[in-house]
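Excluded from the calculations below are hydrogen atoms, water molecules and symmetry mates; all remaining heavy atoms, backbone and side chain alike, are included. Counting starts at 1 for both ligands and their atoms, following the listed order. Throughout, numbering of the chain's residues begins at 1 and tracks the sequence.
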Amino acid sequence: MELEKARKKLAEAGSVAILTGAGVSAESGVPTFRGEGGLWRNYRAEELATPDAFERNPSLVWEWYDWRRGILAPLKPNPGHFAIAGMEKKFDNFLLITQNVDGLHAKAGSRKMVELHGNIWKVRCLADGKVSDNHETPLKTLPPRCECGSMLRPHIVWFGESLDAGVIEAAFSAARDCEVFIVAGTSSLVQPAASLAGIAKESGAYVIEINPEATPVSGMVDASIRGKSGEVLPLLV
Ligand code: BJW
């Protein structure tokens with residue numbers, strides 16, 4: 001019933017934005033951050049994904065990223081990613097806002113997209129800030145070095161770091177302007193991404209949440225669809 005109403009709202013919409021989180025990649029085999037399987041050698045993401053952790057021990061942090069890149073490299077997008085990629089052809093005004101750094105949305109064909117927290121397949125030179133693609137798995141040297149000799153870091157937004165200003169502006173403006181806002185596969189705990197659904201709602205959008213579990217935004221959305229995004233999204237679109 002809720003799914004039917006959400007389907008109808010979406011079919012009538014001219015402008016749509018969708019926020020995705022780790023849960024959208026779960027059915028591809030990507031571990032989520034929180035909940036079961038969210039630990040690496042007894043470290044939580046919050047202990048490793050910080051500028052302080054990198055400053056203290058860049059090799060340890062790079063080891064974690066190298067391990068994750070090894071898991072991600074062979075993985076393929078799932079029906080949820082493909083349903084989202086299909087949406088950008090369907091709606092005149094569309095933006096995918098992802099917190100995911102795994103690159104699976106792009107693999108599925110999504111182009112109208114902003115990556116709020118960066119991309120695990122990109123590295124940044126600590127000396128001049130130059131960003132480049134890097135798909136080497138496993139990395140030959142840890143920590144990896146730039147051609148200029150300086151250390152590289154993952155091109156990822158860590159806790160306490162600011163998100164790219166252009167990216168965040170695009171995300172907030174899409175949330176403010178869309179008729180339908182979908183929030184899928186995120187625990188809605190990490191800011192500023194977690195505010196987007198509320199902003200969309202306050203601006204008059206119909207908000208749909210897709211998640212097997214309740215989250216802090218479940219109480220305020222128009223349709224809370226409890227299910228896996230790889231199953232629900234293809235039915236919704
Ligand atoms: C399924 C499923 C299936 C499972 N289908 N669903 C305001 C108030 C309070 C704190 C702050 C604030 N503003 C900023 C902060 C600090 C901080 C923050 O939010 N902390 C909170 C923990 C409280 N934010 C920041 O530091 C951000 N920077 C910033 O705002 O700068 C300005 C500023 C700085 C300092 C102070 C004030 C302002 C930066 C945040 C960067 C987040 N980076 C990470 C790590 C990237 C590293 C990496 O990947 O290597 O990004 S954290 C980690 O969490 C990752 C994710 O993108 C992010 C969100 O996680 P997500 O995607 O929601 O995953 P999970 O695991 O939490 O949830 C999965 C969900 O899927 C679950 O709900 C499942 O049920 C569901 N699910 N299977 C559908 N099949």
**Prompt:** Which option, L163, N211, I156, T98, owns the non-hydrogen atom nearest atom 76 (C) of ligand 1?
**Reply:** N211

**Message:** Can you confirm, on distance only, whether ligand 1 has an N/O atom lying under 3.5 Å from any N/O atom belonging to S187?
**Reply:** yes

**Message:** Is there a side-chain contact between V157 and L116 in this structure, where contact means two heavy atoms from C-beta onward sitting under 4.5 Å apart?
**Reply:** no

**Fill in**
The protein heavy atom nearest to atom 56 (C) of ligand 1 is F33 CE1, 3.5 Å

**Message:** Under a 4.0 angstrom heavy-atom cut-off, which atoms of ligand 1 come close to G21?
**Reply:** 62 (O)

**Request:** Identify, by atom number and element, the atoms of ligand 1 in contact range of E161, meaning under 4.0 Å from any of its heavy atoms.
**Result:** 27 (C), 28 (N), 29 (C), 31 (O), 39 (C)

**Prompt:** Is there at least one protein heavy-atom neighbour under 4.0 Å from atom 7 (C) of ligand 1?
**Reply:** yes

**Request:** Among all protein heavy atoms, pick out the one at the shortest distance from atom 10 (C) of ligand 1; state its residue, atom name and that distance to 0.1 Å.
**Result:** Q191 CG, 4.4 Å

**Prompt:** Quick one: does R69's side chain have a donor or acceptor within less than 3.5 Å of a partner on E136's backbone?
**Reply:** yes

**Fill in**
Of T186, V232, L189, the one whose closest heavy atom lies nearest atom 63 (O) of ligand 1 is T186

**Request:** Name the closest protein heavy atom to atom 77 (N) of ligand 1, giving the residue it belongs to and the distance to 0.1 Å.
**Result:** G23 CA, 3.6 Å

**Message:** Which residue and atom name correspond to the protein heavy atom nearest atom 26 (O) of ligand 1, and how close is it?
**Reply:** G160 N, 2.7 Å

**Prompt:** Would E169 and S173 count as having a side-chain donor-acceptor pair, cut-off 3.5 Å?
**Reply:** no

**Message:** I'd like to check N134 versus L139 (side-chain heavy atoms, cut-off strictly below 4.5 Å). Are they in contact?
**Reply:** yes

**Request:** Give a yes or no on whether atom 47 (C) of ligand 1 lies under 4.0 Å from any heavy atom of the protein.
**Result:** yes

**Item:** Residue pairs, two or more places apart or on separate chains, that pass ring pair (Phe, Tyr, Trp, His ring centres under 6.0 Å) and touch residues 102-150
**Value:** H81-H105, W121-H135

**Prompt:** Under 3.5 Å, is there a donor-acceptor pair between the side chain of S28 and the main chain of V30?
**Reply:** no

**Message:** Tell me the contacting part of E27 for ligand 1: side chain, backbone, both, or neither, using a 4.0 Å heavy-atom threshold, strictly below.
**Reply:** side chain

**Complete:** Judged by heavy atoms only, the candidate from H117, E213, R226, R68 nearest atom 49 (O) of ligand 1 is R68

**Item:** Atoms of ligand 1 close to P192 [distance to a heavy atom under 4.0 angstrom, numbered from 1]
**Value:** 30 (O)

**Request:** Give the residue, atom name and distance (to 0.1 Å) of the protein heavy atom nearest atom 69 (C) of ligand 1.
**Result:** G185 O, 3.7 Å

**Request:** Give a yes or no on whether a salt bridge exists between R34 and E46, defined as a side-chain N under 4.0 angstrom from a carboxylate O.
**Result:** yes

**Asked** Judged by atom type as modelled, is there a donor-acceptor pair below 3.5 Å linking the side chain of E27 to the main-chain atoms of N78?
**Response** no

**Message:** Show me which atoms of ligand 1 lie under 4.0 Å from any heavy atom of V101.
**Reply:** 49 (O)

**Fill in**
Closest heavy-atom approach to atom 1 (C) of ligand 1 among A26, P212, P216 is made by P212

**Item:** For ligand 1, the portion of T32 having any non-hydrogen atom under 4.0 Å away
**Value:** both

**Complete:** atom 62 (O) of ligand 1 sits nearest the protein heavy atom A22 N, 2.8 Å

**Request:** Assess S162 for proximity to ligand 1: is some non-hydrogen atom of it under 4.0 Å away?
**Result:** yes

**Prompt:** Would atom 39 (C) of ligand 1 count as contacted, meaning some protein heavy atom under 4.0 Å?
**Reply:** yes

**Request:** If a pair satisfies ring pair (Phe, Tyr, Trp, His ring centres under 6.0 Å) and one of its residues is in residues 216-237, list it, with sequence neighbours excluded.
**Result:** none

**Prompt:** Would W158 and F54 count as a close aromatic pair, with their ring centres under 6.0 Å?
**Reply:** yes

**Fill in**
For V190, the ligand 1 atoms with a heavy-atom partner under 4.0 Å come out as 19 (O), 40 (C), 42 (C), 54 (O), 58 (C), 59 (C)

**Short N-O contact, E4 and R7, less than 4.0 angstrom** = yes

**N-O pairing of D102 and R68 below 4.0 Å** = no

**Fill in**
Residue, atom and distance of the protein heavy atom nearest atom 59 (C) of ligand 1 read Q99 OE1, 3.2 Å

**Item:** Residue, atom name and distance, where the atom is the protein heavy atom closest to atom 52 (S) of ligand 1
**Value:** F159 CZ, 3.3 Å

**Message:** For V207, is there any backbone N or O sitting under 3.5 Å from a side-chain donor or acceptor partner on D222?
**Reply:** yes

**Prompt:** Numbering the atoms of ligand 1 from 1, which are under 4.0 Å from a heavy atom of Y65?
**Reply:** 47 (C), 48 (C), 50 (O)

**Asked** Are any of the side-chain heavy atoms of P79 and L233 separated by less than 4.5 Å?
**Response** no

